[in-house]
Amino acid sequence: MKILSAPQIRQADAYTIEHEPIASIDLMERASNAFVDYFTRLFGTKNKILICCGTGNNGGDGLAIARLLSSMNYEVAVLVVRPNKEAPGSADFEINYRLLPGIIPLTEINDNTQVPEKFNTDIIIDAIFGSGLSRPVEGLYAFVIRAINQSQAEVVSVDIASGLFCDTIAAEGPIVTPHMTISFQLPKLAFLLPENDPFVGEWKVVDIGLSSDFIADQKSKSHYVSSSDIKKMLRRREKYSHKGTFGRALLIGGSYGKIGAIVLSSRACLRSGAGLLITHVPQCGYEVLQTAVPECMVTTDASFEYISELPTIQNYQAIGIGPGLGVQEMSLKALRELLKDVKNPMVIDADAINLIAQNDDLIDLLPANTILTPHPKEFERLAGPWENDLERLDLQREFSKKHEVLIVLKGAHTSVSTPEGRVYFNSTGNPGMATAGSGDVLTGILTGLLSRGYSARKAAILGVYMHGLAGDLAAEKLGEESLIASDIIDYLPHAFTSVSAEKYLIKKK
Ligand SMILES: NC(=O)C1=CN([C@@H]2O[C@H](COP(=O)(O)OP(=O)(O)OC[C@H]3O[C@@H](n4cnc5c(N)ncnc54)[C@H](OP(=O)(O)O)[C@@H]3O)[C@@H](O)[C@H]2O)[C@H](O)CC1
Ligand SMILES: [K+]
């Protein structure tokens, strides 16, 4: 799913009005109906609702939503914020203003003295500003937004929190801090920047039927990975296949006290479809691996405690290195040798990333399209510091372009950047997955998918999605609090089957 900028969204709006064709007031009605449809699934008629409206089209939506909810027996009141008494609202705001039934209490606020300290209601629907915000909020609007934020009510924003820009980090000036945002058609970039989290809350995108042709034609550097994107990517295991067909994978890692990391990667790699897995560990890991993962073959290093040398690396479709590796001098030497010899894209994680960050010569040795999977601290070691999330995103894109690698920056909505400078935000996963070993599992999945013959871009997007989906399915059963990395592996089969089952059902129809 593409992420469009605020001007592109405005153009999509105009294009739809002209080419569907549909009157702009009817498009507003469609958007308001889509909002109400989702809202009424969450909140019953017992709630007292206050709808705070600006006088642009976001406010117009607010008025239409008030009318629709009132017709469904919700107890609704409307507050219009209009600093200049004489200034008319947008054309569609004014139409909906005239259509507002008399039974809905309507208050207009024109100056600061009229703003209550806080609002006494169960739910506030925030429709002051939407995608048309053009500058930070001040004056009367700021007073109202502060009162909204101080209220005990559940706050639901229409399209985007009032005061938040669609395409960037939070500006100066007050911004509504909603519990939920119900947004139109496409996610906004602002929803995916962690520091905006207080101004987004939970979010849901509802379809309002903007032209899909127009959206398909738009250029966008940012994408939100949806389940339908994933269904298109997932391959079927062919009937006439054998374990060689699915590729040979090699994992390198583990050190004394950290063999568990490479065990997790190995198990996840096999669960992600690798035909054959060889895991290279220091001698202390031999028995552990053979016992914990009987499906993989194990080669051992000359060293007992650390990786100090390379195994044979020919004939592998994919190599992953890093989990549990440590940053010993001898492991650095082995990594350097590996990077000099290897030709295919690899997966680089954990201490292998740290070693690359500490040794400037290594980054240029990485084969094109190698996937690196840093968490933010590791990425900072690689690419340097940033001021805010938007800068971090730019840094990630630039790093990928400059070094021709994919960066999987782990976190909520893990972002995958490609050498072309595109960024794909993941839509699965939960806070329960912030647990020891979760990253080792991801490395195994990515190595497994690469060995299956997926391109690096597809392996990264698909792998991150499946990792998150397995975590979500595990959390559904086990809860987020107790989730451990092994649970993610245990639920990987369910993740793959849930996506592929849907995919093949669609194909058969
Ligand atoms: N395509 C869609 O998704 C649809 C969206 N709809 C809804 O429309 C809004 C966008 O509406 P728009 O009228 O463009 O913008 P807003 O309602 O957000 O606000 C515009 C007015 O507010 C003024 N403004 C902007 N920033 C400030 C500020 N900081 N202080 C005071 N006033 C401000 C702006 O004035 P300018 O001076 O900038 O011209 C406008 O007067 C979208 O979010 C959806 O909710 C449609 O209903 C359906 C299709
Ligand atoms: K809003």
Side-chain angles (χ1 to χ4, degrees), residues 3-18 20 22-36 39 51-65 67-68 79-84 87-97 124-145 148-149 155-167 170-188 190-191 199-201 203 205-212 214-215 218:
I3 297 172
L4 300 187
S5 65
Q8 284 175 311
I9 293 171
R10 248 192 312 281
Q11 288 162 17
D13 200 4
Y15 184 95
T16 307
I17 290 169
E18 190 185 337
E20 189 175 320
I22 179 171
S24 100
I25 186 71
D26 294 334
L27 183 57
M28 183 175 277
E29 192 72 7
R30 195 151 85 192
S32 304
N33 265 302
F35 179 98
V36 166
F39 180 90
I51 307 191
C52 296
C53 302
T55 55
N57 286 337
N58 196 250
D61 290 342
L63 296 177
I65 289 166
R67 170 169 41 77
L68 293 167
L79 185 115
V80 171
V81 190
R82 200 192 303 249
N84 179 354
S90 72
D92 292 338
F93 171 91
E94 294 300 339
I95 295 175
N96 273 315
Y97 194 85
I124 294 175
I125 294 181
D126 152 41
I128 300 175
F129 296 119
S131 56
L133 184 80
S134 58
R135 52 195 178 278
V137 171
E138 52 187 27
L140 176 62
Y141 294 112
F143 265 77
V144 175
I145 288 176
I148 291 176
N149 288 345
V155 179
V156 183
S157 288
V158 178
D159 204 19
I160 185 165
S162 298
L164 185 63
F165 288 102
C166 288
D167 310 322
E172 301 276 306
I175 301 170
V176 169
T177 51
H179 298 88
M180 164 151 236
T181 299
I182 301 177
S183 195
F184 297 139
Q185 198 67 43
L186 298 169
K188 285 44 179 180
F191 299 172
F199 313 112
V200 180
W203 56 273
V205 170
V206 292
D207 187 2
I208 63 165
L210 293 186
S211 166
S212 49
F214 180 88
I215 295 171
Q218 291 304 294

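For ligands, and for the atoms within them, numbers begin at 1 and follow the listed sequence. Only heavy atoms go into these numbers, but all of them, side chains included; no hydrogens, no water, no symmetry mates.
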- Message: Which residue in the set Thr55, Val137, Ile148 passes side chain to side chain contact (heavy atoms under 4.5 Å, CB included) when paired with Ile128?
- Response: Ile148
- Will you find, in the side chains of Ser5 and Asp167, an N or O donor that is under 3.5 Å from an N or O acceptor?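 The criterion, which ignores hydrogens and geometry beyond distance, is not satisfied for Asp167 and Ser5.
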Within the protein, flag every N or O under 3.5 Å from an N or O of ligand 1, and note the pair and distance.
{"unit_1": "ligand 1", "atom_1": "1 (N)", "unit_2": "Asp13", "atom_2": "OD2", "d": "3.4"}
{"unit_1": "ligand 1", "atom_1": "13 (O)", "unit_2": "Asn57", "atom_2": "N", "d": "2.9"}
{"unit_1": "ligand 1", "atom_1": "15 (O)", "unit_2": "Gly132", "atom_2": "N", "d": "3.4"}
{"unit_1": "ligand 1", "atom_1": "17 (O)", "unit_2": "Asn57", "atom_2": "N", "d": "3.2"}
{"unit_1": "ligand 1", "atom_1": "17 (O)", "unit_2": "Asn58", "atom_2": "N", "d": "2.9"}
{"unit_1": "ligand 1", "atom_1": "18 (O)", "unit_2": "Gly130", "atom_2": "N", "d": "2.6"}
{"unit_1": "ligand 1", "atom_1": "18 (O)", "unit_2": "Gly132", "atom_2": "N", "d": "3.0"}
{"unit_1": "ligand 1", "atom_1": "26 (N)", "unit_2": "Ser134", "atom_2": "N", "d": "3.0"}
{"unit_1": "ligand 1", "atom_1": "26 (N)", "unit_2": "Ser134", "atom_2": "OG", "d": "3.4"}
{"unit_1": "ligand 1", "atom_1": "29 (N)", "unit_2": "Arg135", "atom_2": "O", "d": "2.7"}
{"unit_1": "ligand 1", "atom_1": "29 (N)", "unit_2": "Pro136", "atom_2": "O", "d": "3.3"}
{"unit_1": "ligand 1", "atom_1": "32 (N)", "unit_2": "Arg135", "atom_2": "NH2", "d": "3.4"}
{"unit_1": "ligand 1", "atom_1": "37 (O)", "unit_2": "Arg135", "atom_2": "NH1", "d": "3.1"}
{"unit_1": "ligand 1", "atom_1": "38 (O)", "unit_2": "Ser134", "atom_2": "OG", "d": "2.6"}
{"unit_1": "ligand 1", "atom_1": "38 (O)", "unit_2": "Arg135", "atom_2": "NH1", "d": "3.4"}
{"unit_1": "ligand 1", "atom_1": "43 (O)", "unit_2": "Ser131", "atom_2": "N", "d": "2.9"}
{"unit_1": "ligand 1", "atom_1": "43 (O)", "unit_2": "Ser131", "atom_2": "OG", "d": "3.3"}
{"unit_1": "ligand 1", "atom_1": "43 (O)", "unit_2": "Asp159", "atom_2": "OD2", "d": "2.6"}
{"unit_1": "ligand 1", "atom_1": "45 (O)", "unit_2": "Asn58", "atom_2": "ND2", "d": "2.8"}
{"unit_1": "ligand 1", "atom_1": "45 (O)", "unit_2": "Asp61", "atom_2": "OD2", "d": "2.5"}
{"unit_1": "ligand 1", "atom_1": "47 (O)", "unit_2": "Asp61", "atom_2": "OD1", "d": "2.5"}
{"unit_1": "ligand 1", "atom_1": "47 (O)", "unit_2": "Asp61", "atom_2": "OD2", "d": "3.3"}

- Hey, which protein N/O/S atoms does the K ion (ligand 2) have under 3.4 Å? Asn58 OD1, Asp126 O, Phe129 O, Val158 O, Ile160 O, Ser162 OG
- Item | Ring-face cation of Arg82 near Phe93 (centre distance under 6.0 Å, axis angle within 45°) | no
- Item | Parallel, tilted or perpendicular, as decided by the 30° and 60° cut-offs, for the rings of Phe35 and Phe184 |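 Phe184 and Phe35: perpendicular rings.
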- Message: Keeping Asp126 on the side-chain end and Ser162 on the backbone end, is there a donor-acceptor pair under 3.5 Å?
- Response: yes
- Task: Spell out, as yes or no, whether a donor-acceptor pair under 3.5 Å connects the side chain of Asn149 to the backbone of Thr177.
- Result: yes
Nearest 0.5 Å, what's the [atom1]-[atom2] distance between [X] and [Y]?
{"X": "Ile125", "Y": "Ile182", "atom1": "CD1", "atom2": "CD1", "result": "7.5 Å"}
{"X": "Phe129", "Y": "Phe165", "atom1": "CZ", "atom2": "CZ", "result": "10.0 Å"}
{"X": "Gln185", "Y": "Thr16", "atom1": "CD", "atom2": "OG1", "result": "7.5 Å"}

